Amino acid sequence: MKIDILSLFPEMFEGFLHTSIIKRSIDSKIVEVKIHDFREFADNKHKKVDDYPYGGGQGMVLMCQPIIDCLKTLVTPQSLIILMSPQGQTLQQSTSVQLSHYEHLIFICGHYEGFDERIRDYVDIELSIGDYILTGGELASMVVCDSIIRLLDGAIRETSHEDDSFSEGLLEYPQYTRPYEYDGHSVPDILLSGHHENIRKWRLKQSLLKTYHKRPDLLEKKEFSQEEIKILQEMKEND
């Protein structure tokens with residue numbers, strides 16, 4: 001996969017691109033990530049990329065020319081152009097899975113008050129990471145890229161993300177490691193039983209319990225198996 005990111009602050013990505021799974025994925029050529037400073041495409045003497053909004057108002061608006069001209073040097077028939085925007089659809093795990101199948105993703109990160117609306121004519125999808133405002137789209141684009149890159153073949157073991165929260169519409173079951181007992185709290189004995197089927201059932205029940213108590217909204221959208229329906233009925237009877 002190839003990822004291009006348009007930003008006014010390329011230095012913000014230094015730590016992101018040179019740490020942990022992202023760095024290993026780049027070094028292994030699983031993904032290629034390039035940051036482009038679209039200020040370099042400004043066609044005015046002072047490389048200005050923003051201006052006051054027509055009609056008046058607070059703040060500065062990003063001009064369309066530098067961003068669109070930068071885009072034109074990158075776009076191919078395989079490209080998907082993503083605008084990071086609080087007006088976009090909220091990122092979900094299913095969105096990351098879908099995006100992980102594209103050959104080429106282009107992210108546009110904004111700053112200041114907003115974008116010239118004409119930029120949206122060149123965009124395929126708008127994405128948000130939540131109902132709050134950041135100073136720019138850089139941090140949001142890193143979140144989205146991280147959620148995608150970890151799903152690419154070879155980035156991490158497939159079994160490492162199969163049971164992640166949201167992967168099956170549920171929160172992940174509790175995880176434990178050594179020591180067996182610490183400060184009066186011990187690991188559930190079923191996890192040391194070696195009985196794989198009982199462990200699977202326990203984990204499924206714990207996932208349902210966590211989701212039921214912490215994120216019941218997720219259950220409204222989920223299609224349940226007969227086994228899950230039975231567990232939910234027992235949970236509600238004992239609640």
Side-chain angles (χ1 to χ4, degrees), residues 1-20 22-23 26 31-93 95-96 98-100 102-150:
M1 173 183 279
K2 182 178 180 181
I3 296 175
D4 288 296
I5 303 174
L6 280 61
S7 168
L8 287 175
F9 301 96
E11 62 274 14
M12 288 185 67
F13 294 87
E14 285 299 314
F16 174 70
L17 296 177
H18 295 92
T19 307
S20 190
I22 306 302
K23 181 182 186 300
I26 292 171
V31 64
E32 177 184 355
V33 184
K34 291 187 177 180
I35 316 299
H36 305 269
D37 185 350
F38 59 82
R39 188 184 298 277
E40 297 176 3
F41 291 82
D43 62 2
N44 58 80
K45 179 180 178 181
H46 299 291
K47 295 296 181 182
K48 186 176 174 62
V49 296
D50 63 323
D51 210 335
Y52 295 103
Y54 280 123
Q58 297 297 316
M60 305 291 281
V61 175
L62 282 172
M63 301 158 69
C64 58
Q65 177 271 317
I67 290 177
I68 293 171
D69 282 3
C70 183
L71 275 177
K72 288 179 177 178
T73 68
L74 301 172
V75 173
T76 71
Q78 290 74 42
S79 303
L80 185 79
I81 303 173
I82 302 168
L83 178 66
M84 299 310 304
S85 163
Q87 298 181 24
Q89 68 182 68
T90 304
L91 178 69
Q92 306 285 343
Q93 181 67 15
T95 315
S96 299
Q98 292 171 4
L99 293 177
S100 71
Y102 282 86
E103 292 181 23
H104 185 206
L105 300 176
I106 301 176
F107 291 87
I108 304 174
C109 304
H111 247 76
Y112 310 122
E113 181 64 22
F115 298 90
D116 185 306
E117 188 68 18
R118 290 167 288 187
I119 293 170
R120 287 187 162 91
D121 295 335
Y122 296 81
V123 168
D124 297 307
I125 181 176
E126 293 186 44
L127 270 184
S128 167
I129 60 169
D131 294 337
Y132 48 87
I133 306 299
L134 299 171
T135 55
E138 283 78 12
L139 291 174
S141 70
M142 291 182 219
V143 169
V144 178
C145 287
D146 186 284
S147 73
I148 294 168
I149 292 172
R150 66 189 303 277

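Computation of the quantities below employed the complete heavy-atom set of this structure, encompassing side-chain atoms and omitting hydrogens, waters and symmetry-equivalent molecules. Positions are given from 1, in the same order as the sequence printed here. All values reported here derive from a predicted model rather than from experimental measurement.
- Partners of His111 under the ring pair (Phe, Tyr, Trp, His ring centres under 6.0 Å) rule, at least two apart in sequence or in another chain, are Phe9.
- Other residues, nucleotides and ligands place more than 12 heavy atoms under 6.0 Å from the OH atom of Tyr132.
- Counting heavy atoms from C-beta outward, Phe38 and Leu62 have side chains that approach closer than 4.5 Å.
- No side-chain heavy atom of Ile129 sits less than 4.5 Å from a side-chain heavy atom of Thr90.
- Atom NZ of Lys23 has 12 or fewer neighbouring heavy atoms from other residues, nucleotides or ligands inside a 6.0 Å radius.
- Annotation for Arg118: atom CZ does not count as buried by contact number, only 12 or fewer foreign heavy atoms lying within 6.0 Å.
- Of all non-hydrogen atoms in Phe41 and Pro66, the two that sit nearest each other are CB-O, 3.6 Å.
- Note that the CD atom of Glu138 and the CG atom of Leu6 stand 10.5 Å from one another [nearest 0.5 Å].
- Here the shortest heavy-atom pairing between Ser147 and Ser96 reads OG-OG, 2.7 Å.
- Shown here is Asp131, whose CG atom has no more than 12 heavy atoms of other residues, nucleotides or ligands within 6.0 Å.
- Remark: Asp124 engages Leu80, Ile81 in a side chain to side chain contact (heavy atoms under 4.5 Å, CB included) (not counting sequence neighbours).
- For the pair Met84 and Ala140, the tightest heavy-atom approach, listed with the atom from each and the gap, is CE-CB, 3.6 Å.
- At most 12 non-hydrogen atoms from other residues, nucleotides or ligands lie less than 6.0 angstrom from CD of Gln58.
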Would you please test Leu127 and Leu83 for side chain to side chain contact (heavy atoms under 4.5 Å, CB included) and show each step? CA-CA 6 Å; Leu127 270 184; Leu83 178 66; over 6 Å; no
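- Met1 contributes atom CE, which lies 8.0 Å from atom CD1 of Ile149 (distance to the nearest 0.5 angstrom).
- Atom CG of Asp4 and atom CD1 of Ile82 lie 11.5 Å apart (nearest 0.5 Å).
- A donor-acceptor pair is defined here as one N or O able to donate and one able to accept, closer than 3.5 Å; such a pair exists between the side chain of Lys47 and the backbone of Glu40.
- Separation of atoms OG1 (Thr95) and CD1 (Ile125) is listed at 6.5 Å; rounding is to 0.5 Å.
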Does the side chain to side chain contact (heavy atoms under 4.5 Å, CB included) test come out yes or no for Ile119 and Leu71, once each step is laid out? CA-CA 10 Å; Ile119 293 170; Leu71 275 177; 5.5 Å; no
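- Using a 4.5 Å heavy-atom cutoff, the side chains of Ile3 and Cys145 are in contact.
- The distance from the CD1 atom of Ile22 to the CG atom of Asp146 is 4.5 Å, given to the nearest 0.5 Å.
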Evaluate Cys109 against Met12 for side chain to side chain contact (heavy atoms under 4.5 Å, CB included), listing each step before the verdict. CA-CA 12 Å; Cys109 304; Met12 288 185 67; over 6 Å; no
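- Across every non-hydrogen atom of Asp116 and Met63, the tightest pair is CB-C, 4.3 Å.
- To the nearest 0.5 Å, atoms CE (Met142) and CZ (Phe13) are separated by 4.5 Å.
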Kindly determine whether Asp37 and Leu8 satisfy side chain to side chain contact (heavy atoms under 4.5 Å, CB included), including the steps that lead there. CA-CA 5 Å; Asp37 185 350; Leu8 287 175; 4.1 Å; yes
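- Between His36 and the choices Thr73, Leu74, Ile5, the side-chain contact (heavy atoms from CB on, under 4.5 Å) rule is met once, by Leu74.
- Shortest non-hydrogen contact noted between Glu126 and Gln87 is OE1-CB, 4.0 Å.
- Side chains of Ile67 and Phe115 form a contact here, defined as non-hydrogen atoms less than 4.5 Å apart.
- Across all non-hydrogen atoms, the minimal contact from Gln65 to Ala42 is OE1-CA, 3.6 Å.
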